[in-house]
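Computed over heavy atoms, backbone and side chain alike; hydrogens, waters and symmetry mates excluded. Source: prediction; values computed, not measured. Numbered from 1 within each chain, the chains take letters A, B, ... in sequence-line order.
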Amino acid sequence: MKQEDFFKNLVAHCKEYGFIFPSSEIYDGLSAVYDYGQLGVELKNNIKQYWWKAMVQYNENIVGIDSAIFMHPTIWKASGHVDAFNDPLIDNKDSKKRYRADVLIEDYMAKIEEKIAKEVEKAKKRFGEAFDEAQFTSTNPRVLKYKEEFAEIDKRYVKALEDNNLADIKQIILDLGIVCPISGTRNWTDVRQFNLMFSTQMGSVNEDASTIYLRPETAQGIFVNFLNVQKTGRMKIPFGIAQIGKAFRNEIIARQFIFRMREFEQMEMQFFVRPGTELEWFKYWKEKRMQWHKALGLGEENYRFHDHEKLAHYANAATDIEFNFPFGFKEIEGIHSRTDFDLSAHQKYSGKKLQYFDYELNESYVPYVIETSIGLDRMFLSIISKAYKEEVLEDGSERVVMSIPAFLAPYKFAILPLTKKDGLPEKAREIMDKLKMQFMCQYDEKDAIGKRYRRQDAIGTPYCITIDYQTLEDNTVTIRERDSMSQKRINCNDIAAEANFAF
RNA sequence: GCGGGAGUAGCUCAUCCGGUAGAGCGACAGCCUUCCAAGCUGUAGGUGGCGGGUUCGAGUCCCGUUUCUCGCUCCA
């Protein structure tokens, strides 16, 4: 099957069986937003729990928090999100190419500077030893003209940026006669603003309301609580703070199902270390996180590292763990050495000291940070895309099976009375009532037994428990395993032990 | 944002040159059935994405709009 068809089938399957629905579907949908259905939410919760246990429960020096999505607006100034991600964009209608309007203007200004430099170069040759650059650039009429032009553009451009005057930015491009390098035309669209962050109002009275942002990453909620957690939890460096939560980004193009959504969920851990040791810890977490992924059993060949050449404004080392999605290897988790960028920035903007007193060194410092940040939705997608299989069985019949790792599966057991009479349903209910206190179970008595097995295969239930007439006599049931379809007879009381989920 | 494709039942899709919309699967109720789908009976479910135009008559032709999707641009 072609990858494209496979992916299409997977998406259709997710909708049909209640894993993922397009948002607001009865109103024609909402671009790049999805809802998790009754099965999706179970799988998602199980993934969260799996991660939380690996990070928080199994590491004595890591604790978790749940910070609010709303935060003080200055936080996003400090983090660099306000300034770094609001680019004015413009399209050339002929070449269909998109540019950053500010870059176009800055390139043009750079050209003027080049011209000045060339004049100086020429003059240098002409005057030789006697050349006085300062005098030349302040008197030569051609240079003066360039300088004047430069200053004029600069003044107007800076003002336009400050006022966020998109119309004037376009006008500058038109006035300067800037052409598209590809088409060579001046056929430009209006300048539009790209904003990474969603903004909203806080304050019920309009006039008093102030703009606040929906967080574009959960990390900042950890950083601003660094001291709270450190002091109240008596945490000693190195230690980590973990968090699972929603984040929001206004993607220019959001696509590929739940891979890139405008509203998504992150599982992040910020690990605070002594300055100078950050690259050791970076290496530690890089390996540790990769092991975690590989332990899931989706196939080790489906993971690889992708080290960053170009680093973000806050990092001094960064790598991605990439997963082999149906549309190729893409980032599923990022591990970043964020230096002391965030804590220092918050220290500066808040005026509060965000430092740690290290008794071993007998000194205070701003800790360095290693971040592990995994996309929960991407994790979800990686699991279902490897779990989804369309199989042809030996007898030529077909089945769709979701080989979700048993401990993550939405339902652990399906309870199936072989027929729905002669007391079998009653016995089945009895077993169901016991198991459901501990496991998510589904009861089904409709249709032939084979059909019910297939239904459970399609939603990834690892074990089917079938109650027959023998059950009434000796309290044994048939347990049927999803992937192998093998069956065996066991005592009712051994069901949980037999399934033996690798939690 | 630009360009291509598409929106008909819960799902997958038909409906030929314009004549009051159909199948398979699925769902539900019942029958039959002692362990791997497609046995029988019945039922529910559609203002054909939305708006307008042409026509005696539009799911079908035309225009607009919206949503999805693929490619390009962008991606901390």
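Across all non-hydrogen atoms, the minimal contact from A:I459 to A:I404 is O-CD1, 4.2 Å. Considering all non-hydrogen atoms of both residues, A:D474 and A:N491 come closest at O-ND2, 4.2 Å. Here the closest heavy-atom approach between residue A:Q266 and residue A:T218 is recorded as OE1-N, 2.9 Å.
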Quick one: which protein N/O atoms are closer than 3.5 Å to N/O atoms of nucleotides 41-49 of chain B? Pair and distance per line, please.
none

Protein-nucleotides 34-39 of chain B N/O pairs under 3.5 Å:
residue, atom, partner, partner atom, Å
B:C35, O2, A:Y453, OH, 2.5
B:C35, O2, A:Q487, OE1, 3.4
B:C35, O2, A:Q487, NE2, 2.9
B:C35, N3, A:T478, OG1, 3.2
B:C35, N4, A:D468, OD2, 3.1
B:C35, N4, A:T478, OG1, 2.5
B:C36, O2', A:R454, NH2, 3.1
B:C36, O2, A:R480, NH2, 3.1
B:C36, N3, A:R480, NE, 2.9
B:C36, N3, A:R480, NH2, 3.2
B:C36, N4, A:R480, NE, 3.3
B:C36, N4, A:M485, O, 2.3
B:C36, N4, A:Q487, NE2, 3.2
B:A37, N7, A:R454, NH1, 3.4
B:A37, N6, A:E398, N, 3.3

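Rounded to the nearest 0.5 Å, atoms CG (A:D468) and OG1 (A:T476) are 6.5 Å apart. Here the straight-line distance linking atom CZ of A:F257 with atom CZ of A:F325 works out to 12.0 Å at 0.5 Å rounding. Taking SG of A:C464 as the reference point, atom CZ of A:R455 lies at 10.5 Å (rounded to 0.5 Å).
As rounded to the nearest Å, B:G26 and B:C16 have P atoms that lie 28 Å from one another. Across the C1' atoms, B:C11 and B:G71 are found 28 Å apart, a figure rounded to whole Å. Spacing of P atoms, B:U33 relative to B:C70, comes out at 49 Å, to the nearest Å. Only the C1' atoms considered, B:C25 is 14 Å distant from B:A14, to the nearest whole Å. Comparing the C1' positions of B:U12 and B:A6 gives an interatomic distance of 15 Å, to the nearest angstrom. Rounded to whole Å, the separation between the C1' atoms of B:G22 and B:G59 comes to 13 Å. Only the P atoms considered, B:U67 is 15 Å distant from B:C50, to the nearest whole Å. Spacing between B:C31 and B:A58 at atom C1', rounded to whole Å, works out to 45 Å.
Of the residues in residues 426-434 of chain A, none has a non-hydrogen atom less than 4.0 angstrom from any atom of RNA chain B.
Figure legend: A:K286 and A:F305 shown as a cation-pi pair, the cationic atom lying under 6.0 angstrom from the six-membered ring centre and within 45 degrees of its axis. Cation-pi geometry between A:R289 and A:W292 is met: the NZ or CZ atom falls under 6.0 Å from the ring centre, inside 45° of the normal. Stacking of A:R429 on the aromatic ring of A:Y443 is recorded, both the 6.0 Å distance cut-off and the 45° axial limit being met.
Base pairing annotation: B:C17 forms no Watson-Crick or G-U wobble pair, as no partner gives both donor-acceptor distances under 3.5 Å. Applying the Watson-Crick and G-U wobble criteria (two distances, each under 3.5 Å), B:U54 pairs with nothing in any strand. The pairing partner recorded for B:C28 is B:G42, the criterion being a Watson-Crick or G-U wobble arrangement whose two distances lie under 3.5 angstrom. Partner assigned to B:G71 is B:C2, using Watson-Crick or G-U wobble distances below 3.5 angstrom.
Between A:K8 and B:C70 there is no side-chain polar atom (N or O) within less than 4.0 angstrom of OP1 or OP2. At the phosphate of B:C75, neither OP1 nor OP2 sits under 4.0 Å from any side-chain N or O atom of A:R262. OP1 or OP2 of B:C11 lies within a sub-4.0 Å distance of a side-chain N or O belonging to A:K15.
The side-chain hydrogen bond (donor to acceptor under 3.5 Å, both in side chains) test with A:E265 singles out one residue from A:K246, A:R378, A:K44, and that residue is A:K44. The only option from A:R482, A:R480, A:K389 that meets the side-chain hydrogen bond (donor to acceptor under 3.5 Å, both in side chains) definition with A:D457 turns out to be A:R480.
Rounded to a whole Å, the CG atom of A:D444 is 19 Å from the P atom of B:U33. Between the CE atom of A:M261 and the P atom of B:C68 there is a distance of 14 Å, given to the nearest Å. Rounded to a whole Å, the OH atom of A:Y17 is 12 Å from the P atom of B:U12.
For an aromatic pair to be called close, the ring centres must be under 6.0 Å apart, and A:F21 with A:Y34 fails this.
At a cut-off of 3.5 Å, with distance as the only test, a side-chain donor of A:Y453 or A:T466 sits close to an acceptor on the other residue.
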